[in-house]
Amino acid sequence: MSSSEDSVGIRAWANTLPGFTGILKQRYSDFMVNEIDASGQVVHLNNKLAPQDKPQSPWQPAPNTTAVEDNSTPTPQAAPTTSQASAPSNTTELDPETAAAAAPVVCQPTSKPDSASAPSSNLRSNNISVTEPTADRTQANGIQAGSPHKSADPTANSIANPATDGSKTSSVQADTPQGLAACEGQLETFGRLCGPSHQQKLQAFLKLTFEHQEGVTKADASVPKRPSHILLDPITDKAQRTAVHTFFKQGGPLPRLATTTVTNTGVSDYGGKPMSVIKVSYEGRGQKRKRDDVAGRGGRESRGAGRGGNGARGSERGGQWGREWPGGSKKYCRFALGKSNMDTQQCLGLLSSLMHCKPGVFATAGTKDKRAVTVQHVTAFKVTAERLAALNPKLYNFQVGNFEYTDQELHLGQLKGNQFQVTLREVQGASRQQLEAAAAALKQGGFINYYGLQRFGSGSVPTHRVGVALLQGQYEKAVRLIMQPRDGEREETAQARRLYLEQGDVKGALSQIQRHLTAERAILEGLSQHGKDSFQAALMRIPHGLRTMYVHAYQSYLWNAATSERCLKYGTDRVVEGDLVLQSGETSDAGAASGERSSARLAAVHAVTEEEARSKAYSIEDVVMPLPGSQVQYPVYRTSDGDEASTSPRDTESIYDRLAATDNIDIKSGNTNSNQAFSIQALTGDYRRIVHKPQGLQWKVLEYADPDQPLALSELEQMAGGKEPAFLREAGKGSLLALQLSFQLPPSCYATMLIRELTKMATGTAFHKSLTQVTTTHHHNHHHN
């Protein structure tokens, strides 16, 4: 069975008012959540139309990309602004490091003196590769210098070498393409950085690039062939190579380029070994990027939408690389995602499937409840609002809208909190007046800021018990706990668990376990690779974020249990000597969700003195309890309370010491095993306020007759043309009572703990399902009688 409140340390209340029962989430619209963005604005979905997708600047070649040295991952750059496109620039601003490296140094190859490094009038001898406009995939990916590729037009592969016409390297001739003229400033900067030979080579490459682009735009039948890449001469100085890579990140009028480090077999050092050179590749419109698949497999470019990462940059197909980008320099489209009874990641997966792009294109500030109607912000890299809006007719149980372009991508935790509207149906055990009193007490006194049951998982074994086994060094026990069966699983999954737990059949279990069960599959793979008794090695195969979740869950359990002891002994209406308060002025507990916080916050804690407690220098909202770690202070109270408290001795150990000792764990010295990956001392810890008062709490009591009557209208229903229920427009009458609440909470607070304080009832899913079944049966019997 899943966790109960008492099993995870939830045992106290903030007030002593009697409770009542009410059905939570009978309908999805009974639990509605709207994200509050980082600016403090509530996110709404009320407009599904795309904005007028007009370009914000004249057309310029697509943004350039580059890669860090020895890494081929391209980084998209913003499109040029109007000012950049209107006139050529004479200089290009570089960051301080690049500027220092950009002194006028002439790059000389370190190849043998007789190596073929002399300038030539042929593009191939300048290490420029040309691709046919209708080339196959091999050609489109670039043909190395000296390859046997031939063109039907022998003049297409040649261009006059700028070094042989007697002109200055920085000059641009009158008959050159307009795009090349706009790059004069960048060419001069590149010449100062790498010397005239490199400048000439880049200029020749750009000339052919822009001629191709202009020919395509004009539908010219004699369009020059598309260039693929250019190989620079070897550069031995690492700082200078880094500066070259950085140069191509600067954007401006340059076409979309990427840099990588490759081995050039045509240039060798004095020992005859081929040398590494920088390859500058053209990735113009309509050309698929080679990093798509890498990003989709979790490369540097795919840090995951559920984690709020930068996302996969293989989004040309999801973006609009073949046309003018309407966002101008703003390369992200931000939109509102409204969903009902769906996971956030499920929605994003469907969007990416419909648009044929990687899921990592999308980023969010976090996930929202599945069994609810929720609205949150999502950012999409280089995906137009027009394309997203066009998907709405194909979407079921979710919609997108309220589009705008931005230069900021969302990241995990980048929100102020959430706004809730919660409806408790078929309230029993309280009159209208008692419901009003309970809501008023919640507004005045708040609720104990416990970690809710969601923190401890929905499996048969709470995640914090796995954390205990890890901290104790009992790795086999931890493995068996993780592999325990769960209610509602598919039969093949249950069979896989039995194969391992009952027969020790690792290979048989691995062949049947589902891929989405990340921890279980990682364990079985580790046991298969390292041996059936290699439990620690198997556990280390679990991804770091998931692996540390177990220890974080034990942190949360200790916080809940210690806070319960403190509140049961001293109440929640006063501050006592020994309480801890934060003096940093921070009001958010957002960082406490992961159990980690900045050193400045950790250092700002203060233990309340006897005089401060007597003079009421602090309120209960200032009091915090620590999440265990190596850099936190633990509260120590007097051994007795009341009149003799001031003379009674202080405890020699904290509440936390006693609680952890029952699990044979010493939170101050570490744990009983030597693996620091599973140690409380490896965590810094944090502080979390023990009482929270919800912001903007409002409520109303509803009377209604039909138990299945909608009591709220969600934004998804409004967008579909739904109307407010008739009884809400008029005076509602009926024998049934409902309490409807509206409030705001920061990211780390649990709405279920607010409901628990209000109703004094359990918050587990099983409890509310049973409550729904009882009332449904009652109404069914009443109807037939």
Side-chain angles (χ1 to χ4, degrees), residues 37-39 50-68 73-85 92-93 95 246 248-259 283-289 291-292 295-296 299-305 307-337 348 351-352 355-365 377-389 400 402-412 414:
D37 65 21
S39 67
Q52 191 68 27
D53 273 355
K54 291 182 178 180
Q56 299 183 11
S57 62
W59 182 88
Q60 288 292 333
N64 66 302
T65 61
T66 189
V68 178
T73 304
T75 303
Q77 298 297 315
T81 62
T82 304
S83 60
Q84 288 173 321
T92 298
E93 281 192 10
D95 58 65
T246 305
F248 289 98
K249 289 182 179 181
Q250 303 306 312
L254 288 174
R256 188 164 181 252
L257 304 173
T259 57
E283 295 188 338
R285 300 176 297 157
Q287 186 168 345
K288 182 178 178 180
R289 291 172 57 173
R291 290 289 291 180
D292 283 2
R300 291 188 62 209
E301 296 177 53
S302 179
R303 292 203 287 264
R307 301 191 302 274
N310 286 338
R313 301 312 190 202
S315 60
E316 287 83 353
R317 290 176 294 172
Q320 297 292 316
W321 294 110
R323 53 164 285 186
E324 301 171 43
W325 169 247
S329 62
K330 299 176 180 179
K331 55 188 176 181
Y332 299 97
C333 178
R334 182 169 59 203
F335 61 93
L337 167 68
L348 299 182
L351 285 177
S352 64
M355 294 193 303
H356 307 288
C357 64
K358 300 296 181 183
V361 166
F362 301 100
T364 69
H377 265 156
V378 179
T379 56
F381 175 75
K382 286 288 187 176
V383 177
T384 66
E386 180 184 15
R387 291 198 69 210
L388 287 164
V400 293
N402 293 75
F403 305 99
E404 59 181 329
Y405 293 102
T406 177
D407 56 2
Q408 297 294 323
E409 182 183 32
L410 277 175
H411 297 281
L412 184 64
Q414 196 174 5

Tell me the closest heavy-atom pair linking [X] and [Y], and the distance in Å.
X      : Y      : result
Tyr405 : Ala385 : OH-N, 3.1 Å
Val400 : Leu388 : CG2-O, 3.6 Å
Thr384 : Cys333 : C-SG, 4.4 Å

field: Euclidean distance, Cys357 SG relative to Arg387 CZ, rounded to 0.5 Å
entry: 7.5 Å

Should [X] and [Y] count as side-chain neighbours, where that means a heavy-atom distance under 4.5 Å?
X      : Y      : answer
Leu410 : His377 : yes
Thr364 : Leu348 : yes
Arg334 : Phe403 : no

- prompt: Ignoring hydrogens and geometry, is there a side-chain-to-backbone donor-acceptor pair from Trp325 to Lys330 under 3.5 Å?
  reply: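 Yes; at least one donor-acceptor contact below 3.5 Å.
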
- request: Determine the interplanar angle of the Phe335 and Phe362 rings, folded into 0 to 90°, and report it as parallel if under 30°, tilted if 30 to 60°, perpendicular if over 60°.
  value: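 The arrangement is perpendicular - the two ring planes meet at more than 60°.
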
field: Set of residues satisfying side-chain hydrogen bond (donor to acceptor under 3.5 Å, both in side chains) with respect to Gln408, sequence neighbours excluded
entry: none

